[in-house]
Amino acid sequence: MAGVALCVAPVGPDAPFQARRDLAYIKERQDKRPMPKVKTNSEKISYKPRGRKPGRKTDFMNDPVVVARREKALSRQQAAE
């Protein structure tokens with residue numbers, strides 16, 4: 001019997017009902033499968049947020065030391081004129 005494929009199918013008077021039960025079982029198992037996880041673009045490219053780099057403050061005009069130095073320079077400039 002080499003090369004002959006055997007098909008195992010329910011046999012007997014209960015055969016149509018057995019096939020329905022089998023299909024119902026398969027359907028039940030398919031419904032219980034978890035939904036696939038959808039990755040965001042950042043997750044796809046393995047993006048890792050990094051901290052800010054050290055450097056000058058961007059908002060230095062609100063620094064009181066800078067404001068005092070600027071007023072001092074402006075007062076000297078006005079006195080020279």
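Quick caveat, the model's predicted, so the values are computed rather than measured.
Side-chain contact of Y25 with R29: a donor-acceptor pair under 3.5 Å is present, judged by distance alone.
Environment of CD in E43: crowded, with over 12 heavy atoms of neighbouring residues, nucleotides or ligands closer than 6.0 Å.
Annotation: the span from Q78 atom CD to E71 atom CD amounts to 10.5 Å, rounded to 0.5 Å. To the nearest 0.5 Å, atom CD of residue Q18 and atom CG of residue L23 are 10.0 Å apart.
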